[in-house]
Protein chains: 2
Amino acid sequence: MTTLSTAGQVLRCFSARRQELTVTEVAELLSLPKSNVSRLLRAMREAGFLEGIPDSRGYRPGILMFELGHSYRRDSALVARAHAAVGRVSRQFGHSGYVSIRDGADVIGLTFHEGSRMLRVGTPVGQRLPAFAAASGRSLLARLPDEEVRRLHPAPLAPPSGTAPQDMAELLARLEAVRREGFAIATDESNPGVGSIAVAVAGRQPGEDACLCLVYPLSLVDATERERMIAALLAEAREIHARPGAAVPERAGLRSAAA
Amino acid sequence: MTTLSTAGQVLRCFSARRQELTVTEVAELLSLPKSNVSRLLRAMREAGFLEGIPDSRGYRPGILMFELGHSYRRDSALVARAHAAVGRVSRQFGHSGYVSIRDGADVIGLTFHEGSRMLRVGTPVGQRLPAFAAASGRSLLARLPDEEVRRLHPAPLAPPSGTAPQDMAELLARLEAVRREGFAIATDESNPGVGSIAVAVAGRQPGEDACLCLVYPLSLVDATERERMIAALLAEAREIHARPGAAVPERAGLRSAAA
DNA sequence: ATGGGCGGTTCCGAAAAATGGAACAACGGT
DNA sequence: ACCGTTGTTCCATTTTTCGGAACCGCCCAT
């Protein structure tokens, strides 16, 4: 394994849960000799990938990562339109909404609209979730052929809860339903008490799709409102597909400047 | 130069302006042979640092960077308190405000409160700016001894406008004023039409400070309001210093979860 | 105070990867 | 079809990495 790819592996060890790591932790997570990890982490610190935590042996991602992360835009025209669309639906119902994309077998939140109700679902921006156990993820997986979905899940599924698909057969059945109906829905799957509805929009490349997703506290939403939310999301997605090139008043997390 | 540090250099070539780069561009920016860069960029793509742009030769930062960037927290208790404090001042005056930190001779925005007025300054989150030519930057530089400030600026200053410090002597004079008065102020420096006021708060380590910064359209603010904003920021900073350990209702860009 | 235990670093020869110049291939424009 | 541009591959040389083991230093329990 080359240094660069090992460095990538190291960075993947960090997450919202694991905000800092020590030499030993990394060595165990990656099954590497400590001597290697010791040198590697120092080299990564010197290159700016990591920074040392003051008064501690731990390392955390460096500010370079923070910078790069905040100028990340993927197919920005599509994401911008999706973000605007989700914003309209979010405002209409008062629930949080977001745009996410798929990366392998995971989904990652790209942008977020906070809901206006007191009880609201928080931001998934930058968070990685198994795609199969999320409405957003299934809306995106459904755009792939079954064979590809199988390829992305070599190991048996590890469902985070009883309402998530329990095995590949159930996943494929639910993806088939998504293809038929045009939306995906999840209840109490990856996050307890949270429901979500998602509709995918096609990117310029296959596998480059994005999805509009509405998330809501289950306690606040009945079947009627759910139907209305589904209809609203589907309408927005149809609009995006109908006018693929439509200009959008460049927003979606526009970063301007300050001093 | 080792692969890892070259990779770091490559990533530093990206910015809000330069969202994508090709082999030739990187080779020229870093004065490296194309053969090297070609292999390096591919290796970085395979390791997840970069991704290739569809239908293009260009590369851009990978989604891994996006993820890491969004879980970046530096001395999170301090930043959280600073963010909350800036939020109060921002709401009070209707102008945008943010928290930023110093990295070498630059400042980088960490969190942001959007102003409530129609004309408002946009987010600097993840943006890097020369510290000497920004209120936020000078508020942080002022906490260093002159000698250290000199060391951070080996080359002559490159002032982005006439109101920024034009040379080291002027910079040091203005830093001295910041130390005396407790705040820094900038007018039309790095961003035309924008004024800003900043007050630093001390971190646990020297050089680990953060700053509260209010930014406003110059056309909207007169001397009286400026004084009131300065007073409000100073009061918030005093409060933070007075009770260093005070618990804060963990917010400041808290990321929760969704599906 | 003393001795472990634990986390981290350093050392070393063997093995693998990076380097950079030049030749080569792919592409876009005309 | 041609040219200029851009990116990739090749190769011998130089540099770095690898991983086991020995080593250091800190904290804690006795």
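Quick note: numbers below take in every heavy atom, side chains included, and nothing from hydrogens, waters or symmetry partners. A, B, ... follow the sequence lines: proteins, then strands. Residue 1 opens every chain. Just so it is clear, the structure is predicted and the values come from calculations on it, not from any experiment.
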S.K.: For B:Ala142, does its backbone N or O pair with a side-chain atom of B:Arg179 as donor and acceptor, under 3.5 Å?
M.R.: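 Answer holds: yes.
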S.K.: If we ignore hydrogens and angles and just use 3.5 Å, is the side chain of A:Asp106 paired with the main-chain N or O of A:Ala131 as donor and acceptor?
M.R.: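 Looks like no, no N/O pair under 3.5 Å.
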S.K.: Strictly by modelled atom types, are B:Glu25 and B:Tyr59 linked by a side-chain donor-acceptor pair under 3.5 Å?
M.R.: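 No, no side-chain donor-acceptor pair sits under 3.5 Å.
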S.K.: Is there a donor-acceptor contact under 3.5 Å from the side chain of B:Ser161 to the main chain of B:Glu189?
M.R.: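 Yes, the answer is positive, given that a donor and an acceptor are paired below the 3.5 Å cut-off.
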S.K.: If I take atom CD in residue A:Glu20 and atom P in nucleotide C:dG8, what distance separates them, rounded to the nearest angstrom?
M.R.: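 The answer, rounded to whole Å, is 11 Å.
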S.K.: Would you tell me if any nitrogen or oxygen in the side chain of A:Thr2 comes within less than 4.0 Å of OP1 or OP2 on C:dA16?
M.R.: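 Checking A:Thr2 against C:dA16: no side-chain N or O falls below 4.0 Å of OP1 or OP2.
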S.K.: Let me have DNA chain D in dot-bracket notation, would you? Count Watson-Crick plus G-U wobble pairs, both distances under 3.5 Å, and use [ ] for pairs crossing earlier ones and | for inter-strand partners.
M.R.: ||||||||||||||||||||||||||||||
S.K.: Do NZ/NE/NH1/NH2 and the carboxylate oxygens of B:Arg150 and B:Glu147 come within less than 4.0 Å?
M.R.: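 Looking at B:Arg150 and B:Glu147, the cut-off is not met.
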S.K.: Okay, side chain of B:His70, backbone of A:Gln127: is any donor-acceptor separation there less than 3.5 Å?
M.R.: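 Looks like no, no N/O pair under 3.5 Å.
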S.K.: Output the rounded distance in Å from CG (A:Leu29) to C1' (C:dG7).
M.R.: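 Spelled out: CG on A:Leu29 to C1' on C:dG7 is 15 Å.
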S.K.: To the nearest Å, give me how far apart CG (A:Leu30) and C1' (D:dG19) are.
M.R.: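 These atoms are roughly 15 Å apart.
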S.K.: Hey, can you pull the residues of residues 33-62 of chain A with a non-hydrogen atom under 4.0 angstrom from DNA chain D?
M.R.: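 Heavy-atom cutoff 4.0 Å gives A:Pro33, A:Ser35, A:Asn36, A:Arg39.
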S.K.: If the plane angle is over 60° it's perpendicular, under 30° parallel, otherwise tilted; pick one for A:Phe132 and A:His153.
M.R.: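 The arrangement is perpendicular - the two ring planes meet at more than 60°.
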S.K.: Let me know the distance between CG of A:Leu32 and P of D:dG19, rounded to the nearest Å.
M.R.: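 Result: 7 Å.
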S.K.: Any chance you could measure B:Gln9, atom CD, to B:Ser31, atom OG, to the nearest 0.5 Å?
M.R.: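 B:Gln9 CD to B:Ser31 OG: 11.0 Å, rounded to 0.5 Å.
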